[in-house]
S.K.: 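One structure coming up, written as C-alpha coordinates, with questions to follow.
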Protein chains: 2
Amino acid sequence: MPEPSTDLRLTLVRIARRMRQQKAEGEVGDGQRSVLFCIQDRGPQTLGALADNDLVTPPSMNRTVNVLIERGYLTRETSTVDARRVSIDLTDAGRTWVRETRRRRDAWFTTRLAKLTPEERDALALAEPVLRKLAES
Amino acid sequence: MPEPSTDLRLTLVRIARRMRQQKAEGEVGDGQRSVLFCIQDRGPQTLGALADNDLVTPPSMNRTVNVLIERGYLTRETSTVDARRVSIDLTDAGRTWVRETRRRRDAWFTTRLAKLTPEERDALALAEPVLRKLAES
DNA sequence: TATTGTTATACTCTATAACTATA
DNA sequence: TATAGTTATAGAGTATAACAATA
(Lines give C-alpha, C1' and ligand atoms only; values in the text may rest on other atoms or scores of the structure.)
Protein backbone atom coordinates (compact mmCIF):
# COMPACT_ATOMS: atom_id res chain seq x y z
CA MET A 1 0.00 0.00 0.00
CA PRO A 2 1.77 3.19 -1.15
CA GLU A 3 0.03 5.88 1.03
CA PRO A 4 2.07 8.78 -0.35
CA SER A 5 0.57 11.26 2.10
CA THR A 6 3.44 11.70 4.53
CA ASP A 7 6.22 11.54 1.97
CA LEU A 8 4.51 14.07 -0.22
CA ARG A 9 3.89 16.36 2.67
CA LEU A 10 7.48 16.27 3.87
CA THR A 11 8.71 16.76 0.33
CA LEU A 12 6.52 19.82 -0.03
CA VAL A 13 7.84 21.26 3.23
CA ARG A 14 11.40 20.67 2.12
CA ILE A 15 11.03 22.20 -1.29
CA ALA A 16 9.35 25.26 0.15
CA ARG A 17 12.29 25.68 2.49
CA ARG A 18 14.73 25.19 -0.35
CA MET A 19 13.03 27.83 -2.43
CA ARG A 20 13.02 30.24 0.44
CA GLN A 21 16.77 29.80 0.88
CA GLN A 22 17.29 30.89 -2.72
CA LYS A 23 16.09 34.40 -2.13
CA ALA A 24 19.07 36.68 -2.67
CA GLU A 25 19.67 39.80 -0.64
CA GLY A 26 17.35 42.66 -1.46
CA GLU A 27 15.31 40.56 -3.81
CA VAL A 28 11.58 40.32 -3.84
CA GLY A 29 10.34 37.39 -1.76
CA ASP A 30 7.76 34.82 -2.75
CA GLY A 31 4.88 36.47 -0.97
CA GLN A 32 5.74 39.80 -2.51
CA ARG A 33 6.06 38.36 -5.98
CA SER A 34 2.69 36.72 -5.66
CA VAL A 35 1.09 40.09 -4.95
CA LEU A 36 2.77 41.83 -7.86
CA PHE A 37 1.79 39.07 -10.27
CA CYS A 38 -1.78 39.05 -8.99
CA ILE A 39 -2.25 42.76 -9.61
CA GLN A 40 -0.58 42.60 -13.00
CA ASP A 41 -3.00 39.82 -14.00
CA ARG A 42 -6.21 41.14 -12.49
CA GLY A 43 -5.75 44.87 -12.10
CA PRO A 44 -5.92 46.94 -8.89
CA GLN A 45 -7.02 44.96 -5.84
CA THR A 46 -8.29 45.68 -2.36
CA LEU A 47 -6.26 44.60 0.63
CA GLY A 48 -8.80 41.94 1.50
CA ALA A 49 -8.75 40.49 -1.99
CA LEU A 50 -4.98 40.20 -1.92
CA ALA A 51 -5.09 38.55 1.51
CA ASP A 52 -7.69 36.04 0.35
CA ASN A 53 -5.74 35.28 -2.78
CA ASP A 54 -2.63 34.35 -0.86
CA LEU A 55 -4.34 32.74 2.11
CA VAL A 56 -2.92 35.17 4.63
CA THR A 57 -4.56 37.49 7.16
CA PRO A 58 -5.19 41.16 6.30
CA PRO A 59 -2.52 42.41 8.74
CA SER A 60 0.04 40.12 7.10
CA MET A 61 -0.87 41.30 3.67
CA ASN A 62 -0.86 44.89 4.83
CA ARG A 63 2.72 44.48 5.87
CA THR A 64 3.71 42.90 2.58
CA VAL A 65 2.01 45.73 0.72
CA ASN A 66 3.78 48.33 2.86
CA VAL A 67 7.14 46.84 1.96
CA LEU A 68 6.28 46.92 -1.72
CA ILE A 69 5.12 50.52 -1.48
CA GLU A 70 8.38 51.47 0.23
CA ARG A 71 10.26 49.82 -2.60
CA GLY A 72 8.29 51.80 -5.12
CA TYR A 73 6.44 48.91 -6.73
CA LEU A 74 2.92 49.63 -5.47
CA THR A 75 0.60 52.51 -4.67
CA ARG A 76 -2.32 52.55 -2.24
CA GLU A 77 -5.33 54.82 -2.70
CA THR A 78 -8.61 55.09 -0.89
CA SER A 79 -11.48 53.88 -3.04
CA THR A 80 -13.71 56.60 -4.42
CA VAL A 81 -16.89 54.52 -4.14
CA ASP A 82 -16.33 53.09 -0.65
CA ALA A 83 -13.93 54.99 1.55
CA ARG A 84 -13.34 51.95 3.74
CA ARG A 85 -11.59 50.20 0.90
CA VAL A 86 -8.22 50.80 -0.61
CA SER A 87 -7.15 50.20 -4.16
CA ILE A 88 -3.67 48.79 -4.49
CA ASP A 89 -2.02 49.10 -7.88
CA LEU A 90 1.34 48.71 -9.55
CA THR A 91 3.59 51.67 -10.22
CA ASP A 92 5.49 51.84 -13.50
CA ALA A 93 8.47 50.36 -11.68
CA GLY A 94 6.28 47.52 -10.43
CA ARG A 95 4.97 46.82 -13.88
CA THR A 96 8.49 46.80 -15.26
CA TRP A 97 9.61 44.44 -12.51
CA VAL A 98 6.84 41.97 -13.30
CA ARG A 99 7.55 42.13 -17.02
CA GLU A 100 11.27 41.59 -16.51
CA THR A 101 10.72 38.78 -14.03
CA ARG A 102 8.27 37.03 -16.29
CA ARG A 103 10.71 37.34 -19.14
CA ARG A 104 13.71 35.82 -17.43
CA ARG A 105 11.58 33.74 -15.05
CA ASP A 106 13.05 32.65 -11.78
CA ALA A 107 16.69 31.78 -12.24
CA TRP A 108 17.15 29.09 -9.62
CA PHE A 109 13.89 27.31 -10.20
CA THR A 110 14.08 27.46 -13.98
CA THR A 111 17.61 26.12 -14.00
CA ARG A 112 16.57 23.17 -11.87
CA LEU A 113 13.56 22.48 -14.07
CA ALA A 114 15.72 22.58 -17.16
CA LYS A 115 17.84 19.77 -15.77
CA LEU A 116 14.90 17.42 -15.48
CA THR A 117 13.91 14.97 -18.18
CA PRO A 118 10.86 15.78 -20.31
CA GLU A 119 8.94 13.04 -18.48
CA GLU A 120 9.78 14.59 -15.13
CA ARG A 121 8.65 17.98 -16.30
CA ASP A 122 5.44 16.44 -17.56
CA ALA A 123 4.87 14.89 -14.16
CA LEU A 124 5.22 18.31 -12.54
CA ALA A 125 2.99 20.00 -15.08
CA LEU A 126 0.27 17.42 -14.43
CA ALA A 127 0.59 17.73 -10.69
CA GLU A 128 0.55 21.52 -10.57
CA PRO A 129 -3.24 21.97 -10.90
CA VAL A 130 -3.78 19.21 -8.36
CA LEU A 131 -1.48 20.88 -5.88
CA ARG A 132 -3.25 24.15 -6.45
CA LYS A 133 -6.58 22.50 -5.76
CA LEU A 134 -5.15 21.03 -2.60
CA ALA A 135 -3.85 24.41 -1.46
CA GLU A 136 -7.22 26.02 -2.04
CA SER A 137 -9.32 23.34 -0.38
CA MET B 1 5.02 26.86 -24.74
CA PRO B 2 3.69 26.07 -21.27
CA GLU B 3 6.61 27.29 -19.08
CA PRO B 4 5.07 26.09 -15.82
CA SER B 5 7.92 27.51 -13.76
CA THR B 6 6.27 30.50 -12.13
CA ASP B 7 2.87 28.94 -11.60
CA LEU B 8 4.38 25.86 -10.07
CA ARG B 9 6.60 27.88 -7.82
CA LEU B 10 3.77 30.05 -6.54
CA THR B 11 1.59 26.99 -6.06
CA LEU B 12 4.32 25.36 -3.99
CA VAL B 13 4.65 28.45 -1.84
CA ARG B 14 0.92 28.59 -1.31
CA ILE B 15 0.52 24.95 -0.40
CA ALA B 16 3.38 25.14 2.07
CA ARG B 17 1.64 28.08 3.74
CA ARG B 18 -1.65 26.22 3.77
CA MET B 19 -0.08 23.22 5.42
CA ARG B 20 1.57 25.38 8.03
CA GLN B 21 -1.79 26.94 8.90
CA GLN B 22 -3.14 23.49 9.68
CA LYS B 23 -0.84 22.95 12.59
CA ALA B 24 -3.02 22.81 15.71
CA GLU B 25 -1.88 24.25 19.02
CA GLY B 26 0.69 22.15 20.81
CA GLU B 27 1.10 19.83 17.87
CA VAL B 28 4.35 18.79 16.35
CA GLY B 29 5.31 21.04 13.44
CA ASP B 30 6.56 19.94 10.05
CA GLY B 31 10.24 20.38 10.79
CA GLN B 32 9.87 18.49 14.03
CA ARG B 33 7.96 15.65 12.43
CA SER B 34 10.61 15.28 9.78
CA VAL B 35 13.26 14.77 12.49
CA LEU B 36 11.23 12.19 14.39
CA PHE B 37 10.50 10.22 11.22
CA CYS B 38 14.13 10.35 10.12
CA ILE B 39 15.38 8.86 13.39
CA GLN B 40 12.67 6.24 13.43
CA ASP B 41 13.70 5.17 9.93
CA ARG B 42 17.47 5.37 10.26
CA GLY B 43 18.25 5.08 13.94
CA PRO B 44 20.10 7.60 16.14
CA GLN B 45 21.58 10.54 14.25
CA THR B 46 24.11 13.25 14.87
CA LEU B 47 23.03 16.86 14.84
CA GLY B 48 24.86 17.48 11.59
CA ALA B 49 23.21 14.55 9.88
CA LEU B 50 19.77 15.79 10.88
CA ALA B 51 20.60 19.28 9.65
CA ASP B 52 21.80 17.97 6.30
CA ASN B 53 18.77 15.78 5.92
CA ASP B 54 16.40 18.69 6.29
CA LEU B 55 18.50 21.27 4.49
CA VAL B 56 18.77 23.55 7.51
CA THR B 57 21.77 24.92 9.41
CA PRO B 58 23.07 23.18 12.54
CA PRO B 59 21.86 25.98 14.85
CA SER B 60 18.37 25.68 13.40
CA MET B 61 18.33 21.96 13.86
CA ASN B 62 19.73 22.30 17.35
CA ARG B 63 16.77 24.41 18.28
CA THR B 64 14.30 21.95 16.80
CA VAL B 65 15.99 19.14 18.68
CA ASN B 66 15.88 21.10 21.94
CA VAL B 67 12.15 21.56 21.59
CA LEU B 68 11.66 17.86 20.98
CA ILE B 69 13.79 16.99 23.98
CA GLU B 70 11.74 19.35 26.15
CA ARG B 71 8.61 17.62 24.93
CA GLY B 72 10.06 14.27 25.87
CA TYR B 73 10.32 12.84 22.36
CA LEU B 74 14.12 12.81 22.00
CA THR B 75 17.29 12.27 24.00
CA ARG B 76 20.76 13.67 23.33
CA GLU B 77 23.92 11.87 24.39
CA THR B 78 27.56 12.56 23.73
CA SER B 79 29.04 9.95 21.42
CA THR B 80 31.35 7.42 23.08
CA VAL B 81 33.69 7.22 20.08
CA ASP B 82 34.02 10.93 19.37
CA ALA B 83 33.14 13.27 22.18
CA ARG B 84 32.51 16.16 19.80
CA ARG B 85 29.51 14.39 18.41
CA VAL B 86 26.10 13.83 19.89
CA SER B 87 23.76 10.97 19.31
CA ILE B 88 20.13 11.96 19.10
CA ASP B 89 17.56 9.23 19.58
CA LEU B 90 13.85 8.74 20.16
CA THR B 91 12.44 8.15 23.62
CA ASP B 92 9.65 5.63 24.09
CA ALA B 93 7.21 8.50 23.90
CA GLY B 94 8.80 9.63 20.64
CA ARG B 95 8.58 6.17 19.18
CA THR B 96 4.93 5.93 20.20
CA TRP B 97 4.24 9.31 18.66
CA VAL B 98 5.73 8.28 15.32
CA ARG B 99 3.86 4.99 15.33
CA GLU B 100 0.54 6.67 16.12
CA THR B 101 1.11 9.41 13.58
CA ARG B 102 2.02 6.94 10.88
CA ARG B 103 -1.07 4.94 11.71
CA ARG B 104 -3.58 7.74 11.46
CA ARG B 105 -1.43 9.77 9.07
CA ASP B 106 -1.93 13.45 8.87
CA ALA B 107 -5.59 14.25 9.25
CA TRP B 108 -5.87 17.40 7.18
CA PHE B 109 -3.65 16.30 4.35
CA THR B 110 -5.06 12.79 4.14
CA THR B 111 -8.62 14.08 4.08
CA ARG B 112 -7.79 16.40 1.21
CA LEU B 113 -6.05 13.66 -0.71
CA ALA B 114 -9.02 11.37 -0.23
CA LYS B 115 -11.24 13.90 -1.96
CA LEU B 116 -9.18 13.85 -5.14
CA THR B 117 -9.90 11.59 -8.07
CA PRO B 118 -7.66 8.55 -8.60
CA GLU B 119 -6.12 10.31 -11.59
CA GLU B 120 -5.27 13.34 -9.48
CA ARG B 121 -3.69 11.17 -6.82
CA ASP B 122 -1.67 9.43 -9.51
CA ALA B 123 -0.45 12.77 -10.76
CA LEU B 124 0.77 13.64 -7.26
CA ALA B 125 2.39 10.26 -6.73
CA LEU B 126 4.30 10.65 -10.00
CA ALA B 127 5.37 14.18 -9.17
CA GLU B 128 6.55 13.45 -5.63
CA PRO B 129 9.95 11.94 -6.54
CA VAL B 130 10.53 14.75 -9.02
CA LEU B 131 9.78 17.36 -6.38
CA ARG B 132 12.10 15.61 -4.00
CA LYS B 133 14.84 15.65 -6.60
CA LEU B 134 14.23 19.35 -7.12
CA ALA B 135 14.44 20.02 -3.40
CA GLU B 136 17.71 18.20 -3.12
CA SER B 137 19.38 19.71 -6.15
C1' DT C 1 -23.92 47.10 13.71
C1' DA C 2 -21.05 45.15 10.21
C1' DT C 3 -17.20 45.74 7.19
C1' DT C 4 -12.51 47.25 5.79
C1' DG C 5 -8.31 48.28 6.86
C1' DT C 6 -4.48 49.45 10.23
C1' DT C 7 -1.56 49.36 14.40
C1' DA C 8 0.56 47.02 18.20
C1' DT C 9 2.48 43.06 19.64
C1' DA C 10 4.26 38.47 19.76
C1' DC C 11 5.52 33.90 17.99
C1' DT C 12 7.89 30.55 14.82
C1' DC C 13 11.38 29.35 11.86
C1' DT C 14 15.43 30.28 10.05
C1' DA C 15 20.03 32.41 9.44
C1' DT C 16 24.95 34.27 10.56
C1' DA C 17 28.62 35.04 13.78
C1' DA C 18 31.09 33.90 17.66
C1' DC C 19 32.30 30.54 20.99
C1' DT C 20 33.58 25.81 23.32
C1' DA C 21 35.21 21.34 23.36
C1' DT C 22 37.41 17.70 21.11
C1' DA C 23 40.18 15.51 17.49
C1' DT D 1 44.20 23.52 12.89
C1' DA D 2 39.83 21.42 11.69
C1' DT D 3 35.45 19.60 13.10
C1' DA D 4 30.94 19.15 15.80
C1' DG D 5 28.03 21.32 18.33
C1' DT D 6 26.13 25.32 20.96
C1' DT D 7 24.89 30.10 22.26
C1' DA D 8 23.68 34.75 21.11
C1' DT D 9 21.42 37.55 18.16
C1' DA D 10 18.72 39.12 14.29
C1' DG D 11 15.46 39.02 10.43
C1' DA D 12 11.49 37.44 7.69
C1' DG D 13 6.94 36.02 7.72
C1' DT D 14 3.00 35.23 9.99
C1' DA D 15 -0.76 35.52 13.56
C1' DT D 16 -4.18 37.53 17.10
C1' DA D 17 -6.23 41.43 19.46
C1' DA D 18 -7.56 45.97 19.62
C1' DC D 19 -8.66 50.05 17.20
C1' DA D 20 -10.43 53.61 13.60
C1' DA D 21 -13.13 54.89 9.88
C1' DT D 22 -16.93 54.18 6.99
C1' DA D 23 -21.22 52.02 5.39
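Computation of the quantities below employed the complete heavy-atom set of this structure, encompassing side-chain atoms and omitting hydrogens, waters and symmetry-equivalent molecules. Order of the sequence lines fixes the chain letters, A, B, ..., with proteins taken first and strands second; residue numbering starts at 1 for each chain.
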S.K.: Can you see whether B:Glu77 engages B:Ser87 through a side-chain donor-acceptor pair at a distance of less than 3.5 angstrom?
M.R.: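 B:Ser87 and B:Glu77 do not have a side-chain donor-acceptor pair below 3.5 Å.
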S.K.: Drop me the distance from A:Leu8's CG to A:Leu131's CG, to the nearest 0.5 angstrom.
M.R.: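 If I round to the nearest 0.5 Å, the distance is 6.5 Å.
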S.K.: Please determine whether a side-chain nitrogen of the Lys or Arg among A:Asp89 and A:Arg76 lies less than 4.0 Å from a carboxylate oxygen of the Asp or Glu.
M.R.: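 Here A:Asp89 does not pair with A:Arg76 in a salt bridge, since their nearest N and O are not under 4.0 Å apart.
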S.K.: Taking atom P of C:dA15 as reference, at what distance in whole Å does atom CZ of A:Arg17 sit?
M.R.: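 Nearest whole value for this atom pair: 8 Å.
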S.K.: What does B:Thr64 touch in the nucleic acid at a heavy-atom separation under 4.0 angstrom: a base, only the sugar-phosphate, or nothing?
M.R.: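 Nothing, no nucleic acid heavy atom in range.
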S.K.: Taking the side chain of B:Ser60 as its heavy atoms from C-beta onward, which of C:dC13, C:dA15, D:dT16 lies nearest to it?
M.R.: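 Of C:dC13, C:dA15, D:dT16, C:dA15 is nearest to the side chain of B:Ser60.
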S.K.: Check whether any side-chain N or O of B:Thr57 sits under 4.0 Å from OP1 or OP2 of C:dT14, and answer yes or no.
M.R.: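 So the side chain of B:Thr57 is outside the cut-off, no N or O lying under 4.0 Å from OP1 or OP2 of C:dT14.
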S.K.: Can you give me the bend angle of the helix from C:dT1-D:dA23 to C:dA23-D:dT1? Use the axis through the first five pairs and the one through the last five, nearest 10 degrees.
M.R.: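 Result, rounded to 10 degrees: 10°.
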S.K.: So if I take residues 74-89 of chain B and measure heavy-atom distances to DNA chain D, which residues fall below 4.0 Å?
M.R.: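 Those residues are B:Arg76, B:Arg84, B:Arg85, B:Val86.
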S.K.: Using the test side-chain contact (heavy atoms from CB on, under 4.5 Å), find all partners of A:Leu55 that sit at least two apart in sequence or belong to another chain.
M.R.: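 For A:Leu55 the side-chain contact (heavy atoms from CB on, under 4.5 Å) partners, ignoring immediate neighbours, are B:Arg14, B:Arg18, B:Gln21.
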S.K.: A:Pro58 side chain: which of C:dT6, D:dG13, C:dA17 is closest?
M.R.: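 Looking only at side-chain atoms, A:Pro58 lies closest to C:dT6.
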S.K.: Would you please name every residue forming a side-chain hydrogen bond (donor to acceptor under 3.5 Å, both in side chains) with B:Arg84, sequence neighbours left out?
M.R.: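 Partners of B:Arg84 under the side-chain hydrogen bond (donor to acceptor under 3.5 Å, both in side chains) test: B:Asp82.
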S.K.: Once side-chain contact (heavy atoms from CB on, under 4.5 Å) is applied, do any residues pair with B:Arg42, and if so which ones, sequence neighbours excluded?
M.R.: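 Listed in chain order: B:Cys38, B:Gln45, B:Asn53.
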S.K.: Listed by chain and number, what are the side-chain contact (heavy atoms from CB on, under 4.5 Å) partners of A:Lys133, not counting sequence neighbours?
M.R.: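 By the side-chain contact (heavy atoms from CB on, under 4.5 Å) rule, A:Lys133 matches B:Leu116, B:Glu120.
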S.K.: Once you round it to whole Å, what is the distance between P of D:dA21 and CG of A:Leu47?
M.R.: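 My rounded result for the distance is 17 Å.
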S.K.: By nearest heavy atom, map B:Thr46 and A:Gly31 onto DNA chain D; which one lands nearer the 5' end?
M.R.: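 Looking at the nearest nucleotide for each, B:Thr46 comes out on the 5' side.
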S.K.: A:Met61 has an atom CE; how far is it from atom C1' of C:dG5, in whole Å?
M.R.: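 So the two atoms are 13 Å apart, to the nearest Å.
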